[in-house]
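Have a look at the structure below, then the notes.
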Amino acid sequence: MMDRIAASHPIGIFDSGVGGLTVLSALRRRLPGESFLYLGDTARLPYGTKSAGTVQRYALKAAAHLLHHDVKLLVVACNTATSFALPELIDASPVPVAGVVEPGVRAALALGVHRIGVIGTEGTIRSGSYQRALARMDGSVSVRAVPCPLFVPLAEEGWGDHPVTDQVAQTYLTPLLEWGAEALILGCTHYPLLVPSLQRVVGPEVTLVDSASSVADAVATSYADLLERDLGGRGELFVHLTDASDHFLKVARHILGTLPEHLEVVHLDPDGRG
Ligand code: DGL
(Lines give C-alpha, C1' and ligand atoms only; values in the text may rest on other atoms or scores of the structure.)
Protein backbone atom coordinates (compact mmCIF):
# COMPACT_ATOMS: atom_id res chain seq x y z
CA MET A 1 0.00 0.00 0.00
CA MET A 2 1.23 3.45 -0.87
CA ASP A 3 2.67 5.46 1.98
CA ARG A 4 0.87 8.70 2.63
CA ILE A 5 3.24 11.54 1.87
CA ALA A 6 3.44 14.07 4.72
CA ALA A 7 0.67 16.65 4.82
CA SER A 8 3.11 19.51 4.28
CA HIS A 9 4.56 19.60 0.78
CA PRO A 10 7.89 17.78 0.66
CA ILE A 11 10.94 18.85 -1.28
CA GLY A 12 11.29 16.60 -4.32
CA ILE A 13 14.73 15.37 -5.26
CA PHE A 14 15.88 12.89 -7.87
CA ASP A 15 18.84 11.09 -9.31
CA SER A 16 19.36 7.94 -11.34
CA GLY A 17 20.42 6.01 -8.23
CA VAL A 18 22.26 6.45 -4.96
CA GLY A 19 24.31 9.50 -5.99
CA GLY A 20 21.67 12.05 -5.11
CA LEU A 21 21.62 10.73 -1.56
CA THR A 22 24.81 12.74 -1.01
CA VAL A 23 22.79 15.87 -1.80
CA LEU A 24 19.79 14.65 0.19
CA SER A 25 21.99 14.05 3.22
CA ALA A 26 23.37 17.61 3.05
CA LEU A 27 19.85 19.02 2.59
CA ARG A 28 18.51 17.10 5.59
CA ARG A 29 21.34 18.37 7.77
CA ARG A 30 20.73 21.94 6.60
CA LEU A 31 16.92 21.76 6.72
CA PRO A 32 16.00 19.23 9.42
CA GLY A 33 12.36 20.36 9.56
CA GLU A 34 11.68 19.60 5.89
CA SER A 35 10.17 16.43 4.51
CA PHE A 36 11.75 15.00 1.39
CA LEU A 37 10.55 12.74 -1.39
CA TYR A 38 13.60 11.16 -3.05
CA LEU A 39 13.20 9.41 -6.38
CA GLY A 40 15.98 7.05 -7.43
CA ASP A 41 15.42 6.13 -11.07
CA THR A 42 17.19 2.81 -10.56
CA ALA A 43 15.37 1.13 -13.46
CA ARG A 44 17.03 3.53 -15.90
CA LEU A 45 20.44 3.92 -14.27
CA PRO A 46 22.91 5.00 -15.57
CA TYR A 47 21.96 8.36 -17.06
CA GLY A 48 25.58 9.28 -17.74
CA THR A 49 26.05 7.07 -20.80
CA LYS A 50 22.76 8.07 -22.49
CA SER A 51 22.09 10.71 -25.14
CA ALA A 52 20.87 14.21 -24.27
CA GLY A 53 17.38 13.45 -25.61
CA THR A 54 17.03 10.28 -23.56
CA VAL A 55 18.22 11.96 -20.36
CA GLN A 56 15.76 14.81 -20.97
CA ARG A 57 12.93 12.31 -21.34
CA TYR A 58 13.93 10.45 -18.16
CA ALA A 59 14.38 13.67 -16.20
CA LEU A 60 10.97 15.01 -17.28
CA LYS A 61 9.31 11.76 -16.22
CA ALA A 62 11.08 11.81 -12.86
CA ALA A 63 10.03 15.43 -12.33
CA ALA A 64 6.42 14.66 -13.31
CA HIS A 65 6.32 11.87 -10.73
CA LEU A 66 7.56 14.18 -7.98
CA LEU A 67 5.21 16.99 -9.03
CA HIS A 68 2.32 14.54 -8.94
CA HIS A 69 3.15 14.15 -5.24
CA ASP A 70 2.85 17.91 -4.70
CA VAL A 71 6.48 18.75 -4.05
CA LYS A 72 7.05 22.44 -3.44
CA LEU A 73 10.54 22.50 -4.92
CA LEU A 74 12.48 20.23 -7.26
CA VAL A 75 16.15 19.49 -6.64
CA VAL A 76 17.86 17.84 -9.58
CA ALA A 77 20.49 15.90 -7.64
CA CYS A 78 22.09 14.62 -10.80
CA ASN A 79 24.71 16.45 -12.82
CA THR A 80 23.84 14.62 -16.02
CA ALA A 81 20.17 15.59 -15.77
CA THR A 82 21.12 19.15 -14.76
CA SER A 83 23.52 19.39 -17.71
CA PHE A 84 21.10 18.06 -20.31
CA ALA A 85 17.67 19.00 -19.03
CA LEU A 86 17.65 21.95 -16.59
CA PRO A 87 15.95 24.46 -18.96
CA GLU A 88 13.34 21.84 -19.98
CA LEU A 89 12.67 21.00 -16.33
CA ILE A 90 12.30 24.67 -15.43
CA ASP A 91 9.87 25.14 -18.34
CA ALA A 92 7.82 22.10 -17.33
CA SER A 93 7.68 22.75 -13.60
CA PRO A 94 5.19 24.96 -11.77
CA VAL A 95 7.55 24.95 -8.75
CA PRO A 96 11.16 26.20 -8.60
CA VAL A 97 13.88 23.86 -9.86
CA ALA A 98 17.43 23.76 -8.43
CA GLY A 99 20.30 22.09 -10.27
CA VAL A 100 23.72 21.02 -9.05
CA VAL A 101 26.19 22.48 -11.57
CA GLU A 102 26.28 26.15 -10.56
CA PRO A 103 26.64 25.51 -6.80
CA GLY A 104 29.59 23.19 -7.55
CA VAL A 105 31.24 25.82 -9.72
CA ARG A 106 30.71 28.47 -7.06
CA ALA A 107 32.30 26.22 -4.39
CA ALA A 108 35.32 25.57 -6.62
CA LEU A 109 35.83 29.24 -7.49
CA ALA A 110 35.62 30.16 -3.79
CA LEU A 111 38.89 28.25 -3.30
CA GLY A 112 40.71 30.90 -5.32
CA VAL A 113 42.74 28.34 -7.29
CA HIS A 114 43.76 28.68 -10.94
CA ARG A 115 43.68 25.17 -12.35
CA ILE A 116 40.40 23.36 -11.90
CA GLY A 117 39.77 19.82 -13.04
CA VAL A 118 36.23 18.60 -13.58
CA ILE A 119 35.27 14.94 -13.50
CA GLY A 120 31.84 13.64 -14.36
CA THR A 121 29.86 11.19 -16.45
CA GLU A 122 30.42 11.04 -20.20
CA GLY A 123 27.18 12.98 -20.68
CA THR A 124 28.02 15.76 -18.25
CA ILE A 125 31.50 16.29 -19.68
CA ARG A 126 30.26 16.08 -23.28
CA SER A 127 27.54 18.63 -22.54
CA GLY A 128 30.18 21.22 -21.60
CA SER A 129 27.98 22.47 -18.75
CA TYR A 130 30.82 22.89 -16.24
CA GLN A 131 33.23 24.31 -18.78
CA ARG A 132 30.64 26.95 -19.77
CA ALA A 133 29.66 27.79 -16.19
CA LEU A 134 33.29 28.17 -15.10
CA ALA A 135 34.11 30.38 -18.09
CA ARG A 136 31.02 32.51 -17.43
CA MET A 137 31.63 32.91 -13.70
CA ASP A 138 35.42 33.43 -13.86
CA GLY A 139 37.09 33.56 -17.26
CA SER A 140 40.58 33.58 -15.70
CA VAL A 141 40.67 29.95 -14.44
CA SER A 142 42.06 27.10 -16.53
CA VAL A 143 39.78 24.11 -16.80
CA ARG A 144 40.24 20.50 -17.86
CA ALA A 145 37.32 18.12 -17.88
CA VAL A 146 37.61 14.33 -17.92
CA PRO A 147 34.82 11.75 -18.10
CA CYS A 148 35.12 8.86 -15.62
CA PRO A 149 32.47 6.36 -16.75
CA LEU A 150 33.52 3.53 -14.43
CA PHE A 151 33.05 5.61 -11.28
CA VAL A 152 29.24 5.33 -11.14
CA PRO A 153 29.19 1.50 -11.09
CA LEU A 154 31.94 1.54 -8.45
CA ALA A 155 29.91 3.95 -6.30
CA GLU A 156 26.74 1.91 -6.79
CA GLU A 157 28.72 -1.15 -5.69
CA GLY A 158 29.76 0.66 -2.50
CA TRP A 159 33.48 0.48 -3.40
CA GLY A 160 34.39 3.97 -2.28
CA ASP A 161 37.44 2.81 -0.39
CA HIS A 162 38.78 -0.04 -2.45
CA PRO A 163 42.00 -0.96 -4.31
CA VAL A 164 40.11 -1.46 -7.59
CA THR A 165 38.70 2.08 -7.32
CA ASP A 166 42.21 3.39 -6.54
CA GLN A 167 43.49 1.77 -9.71
CA VAL A 168 40.68 3.09 -11.91
CA ALA A 169 41.07 6.56 -10.38
CA GLN A 170 44.81 6.47 -11.03
CA THR A 171 44.15 5.89 -14.72
CA TYR A 172 41.51 8.62 -15.05
CA LEU A 173 43.12 11.25 -12.84
CA THR A 174 46.84 11.01 -13.62
CA PRO A 175 46.52 13.31 -16.68
CA LEU A 176 44.78 15.91 -14.49
CA LEU A 177 47.44 15.63 -11.80
CA GLU A 178 50.23 15.95 -14.40
CA TRP A 179 48.51 19.04 -15.75
CA GLY A 180 48.64 20.52 -12.25
CA ALA A 181 45.01 20.51 -11.12
CA GLU A 182 44.71 22.26 -7.74
CA ALA A 183 41.07 21.36 -7.24
CA LEU A 184 38.82 18.71 -8.69
CA ILE A 185 35.09 19.29 -9.01
CA LEU A 186 33.21 16.06 -8.36
CA GLY A 187 30.78 16.72 -11.19
CA CYS A 188 28.64 13.69 -10.47
CA THR A 189 26.65 13.21 -7.30
CA HIS A 190 27.86 9.59 -7.09
CA TYR A 191 31.50 10.63 -6.78
CA PRO A 192 31.49 11.86 -3.13
CA LEU A 193 30.91 8.19 -2.30
CA LEU A 194 34.39 7.48 -3.70
CA VAL A 195 36.23 10.18 -1.74
CA PRO A 196 38.43 7.84 0.34
CA SER A 197 39.90 6.29 -2.83
CA LEU A 198 39.94 9.56 -4.80
CA GLN A 199 41.70 11.54 -2.06
CA ARG A 200 44.28 8.78 -1.67
CA VAL A 201 45.03 8.96 -5.40
CA VAL A 202 45.15 12.76 -5.80
CA GLY A 203 46.99 13.36 -2.51
CA PRO A 204 46.31 15.95 0.19
CA GLU A 205 47.31 18.95 -1.96
CA VAL A 206 44.35 18.65 -4.32
CA THR A 207 40.98 19.80 -3.00
CA LEU A 208 38.03 17.62 -3.91
CA VAL A 209 34.96 19.81 -4.39
CA ASP A 210 31.75 18.07 -3.35
CA SER A 211 28.88 20.34 -4.30
CA ALA A 212 26.35 18.74 -1.93
CA SER A 213 26.66 21.33 0.84
CA SER A 214 26.71 24.23 -1.66
CA VAL A 215 23.50 22.88 -3.17
CA ALA A 216 21.96 22.72 0.32
CA ASP A 217 23.10 26.31 1.03
CA ALA A 218 21.73 27.50 -2.32
CA VAL A 219 18.35 25.87 -1.65
CA ALA A 220 18.18 27.21 1.91
CA THR A 221 18.95 30.79 0.86
CA SER A 222 17.22 31.02 -2.52
CA TYR A 223 13.93 29.48 -1.43
CA ALA A 224 13.69 30.63 2.18
CA ASP A 225 10.12 31.84 1.54
CA LEU A 226 9.05 28.30 0.65
CA LEU A 227 10.82 26.77 3.62
CA GLU A 228 9.84 29.11 6.43
CA ARG A 229 6.43 27.70 7.12
CA ASP A 230 7.92 24.24 7.75
CA LEU A 231 10.56 25.33 10.26
CA GLY A 232 10.24 23.68 13.63
CA GLY A 233 8.58 20.53 12.29
CA ARG A 234 10.25 17.17 12.10
CA GLY A 235 10.93 16.13 8.54
CA GLU A 236 10.11 12.74 7.11
CA LEU A 237 11.86 10.92 4.29
CA PHE A 238 9.97 9.14 1.54
CA VAL A 239 12.00 7.17 -0.97
CA HIS A 240 10.62 5.98 -4.29
CA LEU A 241 12.68 3.68 -6.51
CA THR A 242 11.81 2.64 -10.05
CA ASP A 243 13.40 -0.74 -9.41
CA ALA A 244 14.03 -2.57 -6.14
CA SER A 245 17.73 -2.42 -5.37
CA ASP A 246 19.72 -3.99 -2.54
CA HIS A 247 22.69 -1.82 -3.43
CA PHE A 248 20.54 1.24 -2.97
CA LEU A 249 19.50 0.20 0.52
CA LYS A 250 23.04 -0.71 1.54
CA VAL A 251 24.43 2.63 0.37
CA ALA A 252 21.42 4.55 1.73
CA ARG A 253 22.02 3.13 5.18
CA HIS A 254 25.68 4.10 4.92
CA ILE A 255 24.99 7.69 3.80
CA LEU A 256 21.89 8.48 5.84
CA GLY A 257 22.91 6.44 8.89
CA THR A 258 19.53 4.70 8.79
CA LEU A 259 17.22 3.02 6.33
CA PRO A 260 14.53 5.26 4.77
CA GLU A 261 11.34 5.28 6.85
CA HIS A 262 9.05 5.01 3.85
CA LEU A 263 10.22 3.07 0.82
CA GLU A 264 8.23 2.21 -2.25
CA VAL A 265 8.90 0.82 -5.73
CA VAL A 266 7.08 2.92 -8.33
CA HIS A 267 6.59 2.85 -12.09
CA LEU A 268 6.99 6.03 -14.07
CA ASP A 269 5.50 4.63 -17.29
CA PRO A 270 1.77 3.99 -17.53
CA ASP A 271 2.53 0.54 -18.98
CA GLY A 272 4.55 -0.32 -15.89
CA ARG A 273 7.97 -0.63 -17.55
CA GLY A 274 10.08 1.27 -15.03
N1 DGL B 1 24.61 10.82 -10.25
C2 DGL B 1 24.41 11.24 -11.58
C3 DGL B 1 25.18 12.49 -11.90
O4 DGL B 1 25.37 13.28 -11.02
C5 DGL B 1 24.41 10.28 -12.72
C6 DGL B 1 24.98 8.94 -12.61
C7 DGL B 1 24.53 8.10 -13.78
O8 DGL B 1 23.38 7.69 -13.75
O9 DGL B 1 25.30 7.90 -14.72
O10 DGL B 1 25.55 12.71 -13.02
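Whatever order the structure lists them in is the order used to number ligands and atoms, beginning at 1.
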Inset, instruction - For this output row, return yes or no: ring centroids of Y47 and F84 closer than 6.0 angstrom. - result: no
Legend entry - Protein contact of atom 9 (O) of ligand 1 - nearest heavy atom, named by residue and atom, plus distance: G48 N, 2.8 Å
Legend entry - Considering all heavy atoms, the nearest D166-V201 contact: O-CG2, 3.5 Å
Inset, instruction - State, to 0.1 Å, how close K72 and P96 come at their nearest heavy-atom pair, and which atoms those are. - result: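 For K72 and P96, the tightest heavy-atom pair comes out as O-CD, 3.6 Å.
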Inset, instruction - State whether the number of non-hydrogen atoms from other residues, nucleotides or ligands found under 6.0 Å of D246 atom CG is greater than 12. - result: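 Counting other residues, nucleotides and ligands, CG of D246 stays at 12 neighbours or fewer.
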Inset, instruction - Can you measure from OG (S211) to CG (N79) and round to the nearest 0.5 angstrom? - result: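 Output value for this atom pair is 6.0 Å.
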Check ligand 1 against [X] and write out every atom of the ligand that is under 4.0 Å from a heavy-atom position of the residue.
| X | answer |
| --- | --- |
| C188 | 1 (N), 2 (C), 3 (C), 4 (O), 10 (O) |
| T121 | 9 (O), 10 (O) |
| H190 | 1 (N), 2 (C), 6 (C) |
| L45 | 8 (O) |
| P46 | 7 (C), 8 (O), 9 (O) |
| Y47 | 7 (C), 8 (O), 9 (O) |
| V152 | 6 (C), 9 (O) |

Inset, instruction - Check whether any side-chain heavy atom of H240 sits under 4.5 Å from a side-chain heavy atom of H69, and report yes or no. - result: yes
Legend entry - D15 and Y38, any side-chain heavy atoms less than 4.5 Å apart: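 Contact flag for Y38/D15 side chains = yes.
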Record the part of [X] in heavy-atom contact with ligand 1 below 4.0 Å; permitted values are side chain, backbone, both and neither.
| X | value |
| --- | --- |
| T80 | both |
| D15 | side chain |
| S16 | side chain |
| N79 | both |

Inset, instruction - Return yes when G17 approaches ligand 1 closer than 4.0 angstrom through a heavy atom, no otherwise. - result: no
Inset, instruction - Under the side-chain contact (heavy atoms from CB on, under 4.5 Å) rule, what do F151 and H190 come out as? Steps first, then yes or no, please. - result: CA-CA 8 Å; F151 279 178; H190 278 71; over 6 Å; no
Inset, instruction - Could you tell me whether R144 and E178 make a salt bridge, using a distance below 4.0 angstrom between a side-chain N and a carboxylate O? - result: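 Judged by the 4.0 Å cut-off on N to carboxylate O distance, R144 and E178 do not form a salt bridge.
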